[in-house]
Number of protein chains: 2
Amino acid sequence: MLKNNEFIDKLRSSGLRPTKQRLKLCKVLFNRSTTFHFTINDLKKQISEKLNEKISLATIYNTVHAFKKKGYLKEISINSDKSYFDTNTKIHHHFFDNSTKELIDINDNQVEKIKINTSLPGKKITSVEVLVKVENK
Amino acid sequence: MLKNNEFIDKLRSSGLRPTKQRLKLCKVLFNRSTTFHFTINDLKKQISEKLNEKISLATIYNTVHAFKKKGYLKEISINSDKSYFDTNTKIHHHFFDNSTKELIDINDNQVEKIKINTSLPGKKITSVEVLVKVENK
DNA sequence: AATATAGTTTATAATAATTCTAAAGAAGAA
DNA sequence: TTCTTCTTTAGAATTATTATAAACTATATT
Ligand SMILES: [Mn+2]
Ligand SMILES: [Mn+2]
Ligand SMILES: [Zn+2]
Ligand SMILES: [Zn+2]
């Protein structure tokens with residue numbers, strides 16, 4: 001559990017003013033023991049339900065994008081009408097449950113190293129991620 | 001190069017009436033030696049540029065979804081504002097070039113078998129696909 | 001061949017996620 | 001405190017996609 005002061009420092013150190021709205025979002029996003037996945041709408045709900053407060057939708061979008069840019073959030077490639085974000089910013093693999101539309105992290109040590117024996121001239125690899133789609137048996 | 005008659009049979013055999021519009025789309029989508037990736041907008045452009053004809057946007061959406069449902073097209077999970085489709089319907093891996101936003105197939109024999117040493121209770125795996133993100137060196 | 005039926009196409013409207021705009025407000029520097 | 005720059009906000013605009021409902025067409029039936 002991080003303290004408010006730590007969030008303030010973190011924001012300042014990345015050139016973001018520690019506003020009330022950003023600190024609230026930090027609390028909802030980072031003040032927990034495990035990482036999680038969310039959509040903008042999920043986040044909006046959590047703010048109104050958990051904190052019983054309201055942040056304008058535009059600010060939520062702004063802040064999520066700012067945090068992504070600073071590397072505090074990661075956007076996940078799932079084909080959908082909406083964007084998914086992840087507080088786990090490391091390169092990692094996912095299950096995507098087609099029955100529940102839920103995204104679940106796969107622990108790195110449970111996937112054997114992936115070897116790609118081909119490359120594209122003039123290009124460098126920035127990530128290699130696996131998406132395992134599952135559904136109810 | 002498939003003949004028009006072959007498309008007619010293919011459509012009929014999957015319960016789709018071989019309309020002028022569907023046959024035109026078959027020509028643009030399947031009358032080539034290699035598979036490819038496209039967005040709805042790409043497809044719309046190709047119809048007007050290659051065939052010099054016009055199919056309503058609604059029909060393009062309808063048809064792409066019908067073809068996907070019949071297994072002639074695959075939708076690809078790339079985070080974006082728009083959907084990507086693939087005429088290669090097999091489970092396969094991709095490069096995604098962040099510099100050009102291009103999606104490129106990876107040949108299956110160039111990726112060593114992926115081993116996932118974990119599972120979700122009550123769920124079965126339907127696909128395991130790798131996304132390799134690249135960018136200019 | 002004419003008719004009936006169900007499937008298809010189309011223009012257009014509706015929806016939904018996201019981004020833009022521009023004015024008001026707040027933070028930090030001077 | 002004052003100034004400047006950054007941030008928030010409501011609401012409008014944009015964009016991809018889906019829904020609607022009327023006109024059209026493929027095909028089965030007479
Ligand atoms: Mn985005
Ligand atoms: Mn879709
Ligand atoms: Zn994750
Ligand atoms: Zn592909």
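To find a chain, count down the sequence lines: A is the first, B the second, and so on, and within it residues start at 1. Computed from a predicted model, the values in this text were never measured in an experiment.
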Interface with DNA chain C, restricted to residues 42-56 of chain B and to heavy atoms under 4.0 Å:
K54(B), I55(B), S56(B)

Starting from P on dA10(D), measure out to CG on N62(A) and report it in whole angstrom.
12 Å

Would the distance check show the side chain of S99(B) and the main-chain N or O of N136(B) forming a donor-acceptor pair, the cut-off being under 3.5 Å?
yes

Please determine if a side-chain N or O atom of H65(B) lies less than 4.0 Å away from the OP1 or OP2 oxygen of dT17(D).
no

Ignoring backbone atoms, test whether S83(B) places a side-chain nitrogen or oxygen under 4.0 Å from the OP1 or OP2 oxygen of dA16(D).
no

Separation of S56(A) OG from N62(A) CG (nearest 0.5 Å):
7.5 Å

Would you mind telling me which of dT8(C), dT17(D), dT9(D) lies closest to the side-chain atoms of Q21(A)?
dT9(D)

Between F7(A) and N31(A), is any pair of side-chain heavy atoms under 4.5 Å apart?
yes

Working for side chain to side chain contact (heavy atoms under 4.5 Å, CB included), residues I125(B) and L120(B):
CA-CA 9 Å; I125(B) 290 174; L120(B) 296 174; over 6 Å; no

Can you pull out how bent the helix from dA1(C)-dT30(D) to dA30(C)-dT1(D) is, comparing the axes over its first five and last five pairs, to 10°?
20°

Is K10(B) close enough and on-axis enough to Y72(B), meaning under 6.0 Å and within 45°, for cation-pi?
yes

Kindly write out the residues that satisfy side-chain contact (heavy atoms from CB on, under 4.5 Å) with T63(B), not counting sequence neighbours, or none if the list is empty.
R22(B), L25(B), T59(B), F67(B)

Nucleotide dT18(C), atom P - distance to CG of L57(A) in whole Å
9 Å

Rounded off to whole Å, could you give me the NZ-to-C1' distance for the K24(B) and dT8(C) pair?
14 Å

dT18(C) phosphate, OP1 or OP2: any side-chain N/O from Y61(A) under 4.0 angstrom?
yes

When you get a sec, tell me which of dT17(D), dT19(C), dA11(C) is the closest nucleotide to the side chain of A58(B)?
dA11(C)

Applying side chain to side chain donor-acceptor pair (under 3.5 Å), which residue pairs with at least one partner in residues 39-49 of chain A are found, sequence neighbours left out?
R32(A)-Q46(A), T39(A)-D42(A)

Rounded to the nearest 0.5 Å, what separates atom CZ in F30(A) from atom CD in E6(A)?
13.5 Å

Encode nucleotides 21-30 of chain D as B, S and - characters from 5' to 3', where the letter depends on protein heavy atoms closer than 4.0 Å: B to the base, S only to sugar-phosphate, - to neither.
-----BS---

In short, salt bridge (Lys or Arg N to Asp or Glu O under 4.0 Å) pairs touching residues 111-135 of chain B with sequence neighbours left out are D97(A)-K123(B), E112(A)-K115(B), K115(A)-E112(B), K124(A)-E135(B), E135(A)-K124(B), K74(B)-E129(B)

Approximate separation, where rounding is to 0.5 Å, of K20(B) NZ and E53(B) CD
8.5 Å

So, for T87(B) and L29(B), which heavy atoms are closest and what is the spacing to 0.1 Å?
CG2-O, 3.7 Å

